[in-house]
Structure formats: structure tokens, C-alpha cells
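Have a look at the structure below, then the notes.
Numbering of residues begins at 1 and proceeds along the displayed sequence. The structure presented is a predicted model; accordingly, all values stated were derived computationally and were not measured.
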Amino acid sequence: MNNRSSVASSKVLPGTARRRMGGITAAIALMAAAGCAGNTNPGAGEQITVSVSIAAPANAPIFLADELGYFEDEGLDVKVQIIANASLQIATGKVQYGAVNTSTVIQAAAQDTKLQQICVTQVDPSYILAVSNVAWERNNMNESMSLKEMLAALEGENITAIGGRTVNPGAKLLESLLKKEGLPAESIGVLSQASTAASTAAFQKGQVGLVFQPQPIPDQVLSVAPGRIIYDTGSSDLFSELNGVSWSGIGSSTTYAAEHPDISEKICNAIGKANNYLDEKPEEAAKTLHKDMNSFDEKVLADSMETYKWAKDAAMSEEQFAKSVEVLAELGMFEQPSAEVLDGAYTADFQK
């Protein structure tokens, strides 16, 4: 097992770089920081960093590849590091590889930040809509209601979203769900939160009546704040277009990946093995992952792993990825990118 560390975003960047800046200014600041960070271009035989934003199931392939020795089997010395908002650091090469959402990659590529997805982790995302008992009773809801009737009854309620309505995938999926049911897209509001912990606390305190997030967050919240699950995108025909869609993957800078194709291929190989293990043995994977994800109850974590689907061998053709982007653009995650942006955002060159 390799080295593991957690770095808060305030420790990664100097104070000036933590202020809100435009895309170009932020990229320049991070390049300057990278220049003072020692060896930012490690090659074969040297330690490389693979980042995750949080210790949660969405990042399971990275943790599992580390715990089960898949990185080591590929001859890699990998340090898995928790770094908040690492996409620009990956794009500038300060961090060699990291977990990225497909939506983040497309938006970054549109700004020419040189962030590229090199293989795929999660596909077919599952978002769970849960309602607190307080909101259920407040809105006179009952089990005989259809989904549309329930959503209509919840008008004026809020979900929490990290980053708010404009950048949060759950908020965008909620808008799509409401539209698909013929309801106004903003009939259920979005309360912006800075972290998952803050989001959970808002539900527990009754500040919001709804949770719309992937597992295990809904189950964990409902274990301390009574409520019920009323909808799951993963088991619904309403979002059948998400089947096979690239939801997340491994990112690198286009420069670093091109200069180190052997390392990039080995990273994808290790992640592919982890993806396959997760699909084939989710319960065993959960037991292994609990030491890294111990903020979640062990049983809740084990149950949640079965709601995730992973790309076989971490592979997806460039044509399939382009179709994924079309679907996500239609769901409002971002504007449909140009062919040039799409070409820079993804490559299958390092996959099996």
C-alpha cells in the first residue's frame, strides 16, 4: 500500500491564489505555484500523485487500486492525496493524475486549460431523491401520489448542492427531472453549500426538506433525520439516456500525459482492474474501502456500492465519449462543445 495524505485546499495554494479569480488568472497563479513545488514532472520510477477531492464511493477506483496493489503491480509509486478542487492543478501538471467529473473536463477544455480525461471510472450515475418526514407532512404528501404529484407538492422546498445550481450535477439533474415531469425547472430551489457535511447538516436541521445525491449520502442522512426515498435516477426510465454515459474518470494535463504515455497507460490499467473488481465484488470492495471512507457507516457504504456502475477496463472509445457529452449537454450540464474542444478533452490512447 502506498503513501496517503490529505491536504486542505488552503495548504495547497498561497493566499492570493485562493481568492476568486478568472480562469486565466487562476491558471497563471497555479503555474507559478507549480514552479516552486519541486519535481512536477516525475517520470518512470519516481513517485506520482493521484488526487481525489473526497474519500467517497465516487472515487473508489483510485482508493481500491492503491489498497489492492494494482498501482504497484504496474510498477508505479503512487501517492493518493485528498486535494479539494484539484482540476487546475492537474491541468498544469502540479498534480499528475486525479479524479475528475466529465462535466468539469469539458468546461475546463472549453477554457483551454489543458485538462484531459484519459480513462473512465463511473458510468450510469444514480442520484437518490429523499424527503424528510417534516417536509412530507408539511406538504400533505402520501404514498398514493405519483412521482409528478409528489414533485408538484414539493414546490418551494429546497435541496442542497455543493457550488449551487449552476455547477452542481445534482441540481442540473433535478431541473431535468422536473422538466421531464412537465413542471417548472426551478419549482424546487437549490441552497448552495460549501461541503457535503454542511449539506447534510442543513437537512438534519430542517433548513432543507430534500436530499438529491448519490448514495451513501441519502442513507446516511436518513439514518439520523427520518424520511423516505421517493426517486432514483439509476432505476428510472426517465433517465435511460444516461446508460453507458461517462460520468467521471481520470484526468491529467495533456502535456504530462503525452510526455509520459507509459505511466498514463499503467494508471489506466490499474484503474481498469479496480473498476472491474468494483463491478464484480462490490461487497468485498466496500470492506476494503471502509478504512479510507470511515466517515460512512460500514453497512451503509456496502449497500451504496451496489448503486454504482463502472466502465469495464476503464475504457471508452472516443466516439462513445462524444455521445456521452451530447447527452450531458442536453441535460444542461454544459453547452455542447465544439469538435476541437471535445478532441482536447478526451483521449483513449492510453487504454487497452
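Under a 3.5 Å cut-off, the side chain of Ser246 and the backbone N or O of Ser324 do not form any donor-acceptor pair. A distance-only check finds no donor-acceptor pair linking the side chain of Glu157 to the backbone of Gly189 [under 3.5 Å]. Although no hydrogens or angles enter the test, the distance criterion places no donor-acceptor pair under 3.5 Å between the side chain of Gln111 and the main chain of Ala108. Between the side chain of Asn275 and the backbone N or O of Val120 there is at least one donor-acceptor pair closer than 3.5 Å. In this structure a side-chain-to-backbone donor-acceptor pair under 3.5 Å is present from His290 to Phe296. Of the possible donor and acceptor atoms, one in the side chain of Trp136 sits under 3.5 Å from a partner among the backbone N and O of Met141. For Ser304 (side chain) and Gln215 (main-chain N/O), no donor-acceptor pair under 3.5 Å exists by modelled atom type. Between the side chain of Asn139 and the main chain of Ala135, a donor-acceptor pair closer than 3.5 Å is present. Side-chain atoms of Gln96 come within 3.5 Å of backbone N or O of Thr49 as a donor-acceptor pair. No donor-acceptor pair closer than 3.5 Å links the side chain of Lys172 to the backbone N or O of Met333.
Side-chain contact check for Asn85 versus Thr104: every heavy-atom pair is 4.5 Å or farther apart. Contact check for Leu178 versus Leu174: side-chain heavy atoms found under the 4.5 Å cut-off. Looking only at side-chain heavy atoms (C-beta outward), Tyr277 and Pro282 stay at 4.5 Å or farther from each other. Contact of the Leu191 side chain with the Ile159 side chain is not registered, since no non-hydrogen atoms from C-beta on lie closer than 4.5 Å. Inter-residue side-chain proximity for Asn59 and Ser53 is flagged as met; some heavy-atom pair is nearer than 4.5 Å. In this structure the side chain of Leu154 reaches within 4.5 angstrom of the side chain of Val131, judged on heavy atoms. Side-chain contact between Phe239 and Ser176 is present, with heavy atoms from C-beta onward closer than 4.5 Å. In this structure the side chain of Glu298 never reaches within 4.5 angstrom of the side chain of Leu301, judged on heavy atoms.
With hydrogens and angles left out, the side-chain atoms of Ser248 and Thr121 include a donor and acceptor closer than 3.5 Å. For the residue pair Gln320 / Ser317, a side-chain donor-acceptor distance below 3.5 Å is found, with atom types taken as modelled. Side-chain contact, Asn101 with Ser103: no donor N or O sits under 3.5 Å from an acceptor N or O. Side-chain contact, Asp313 with Asn276: a donor N or O sits under 3.5 Å from an acceptor N or O.
Salt bridge status for Asp262 with Lys266: absent, with no side-chain N to carboxylate O gap under 4.0 Å. Comment: Glu72 does not engage Lys273 in a salt bridge, judged by the lack of any side-chain N to carboxylate O separation of less than 4.0 angstrom. The existence of a salt bridge linking Lys352 and Glu265 is excluded, since no basic side-chain nitrogen approaches an acidic carboxylate oxygen closer than 4.0 Å.
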Donor-acceptor pairs under 3.5 Å, side chain of residues 221-231 to any protein atom, not counting sequence neighbours: which ones?
from	atom 1	to	atom 2	distance (Å)
Ser223	OG	Gln220	O	2.5
Arg228	NH1	Glu143	OE2	3.0
Tyr231	OH	Ser236	OG	2.8

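Considering only residues two or more places apart in sequence or on other chains, Phe321 meets the ring-ring contact (aromatic ring centres under 6.0 Å, His included) condition with Tyr346.
Put simply, Val300 and Val211 are part of two different groups of oily side chains (I, L, V, M, F, W, Y) that touch within less than 4.5 Å, one to the next. Under the 4.5 Å side-chain contact rule for hydrophobic residues, Val341 and Leu328 do not share a cluster. With hydrophobic clusters built from ILVMFWY side chains whose heavy atoms lie under 4.5 angstrom apart, Leu68 shares a cluster with Ile271. Hydrophobic clustering of Ile, Leu, Val, Met, Phe, Trp and Tyr side chains at less than 4.5 Å, counting indirect connections, keeps Val134 apart from Val208. Side-chain heavy atoms closer than 4.5 Å link hydrophobic residues (I, L, V, M, F, W, Y) into clusters, and following such links, even through other members, never connects Ile54 to Leu64.
A 6.0 Å sphere centred on NZ of Lys281 holds no more than 12 heavy atoms belonging to other residues, nucleotides or ligands.
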Evaluate side chain to side chain contact (heavy atoms under 4.5 Å, CB included) for Phe350 paired with Ile267, printing each intermediate quantity in order.
-> CA-CA 9 Å; Phe350 308 114; Ile267 288 288; over 6 Å; no
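Relative to the six-membered ring of Tyr256, Lys114 misses at least one condition, a distance below 6.0 Å or an angle of at most 45° to the axis.
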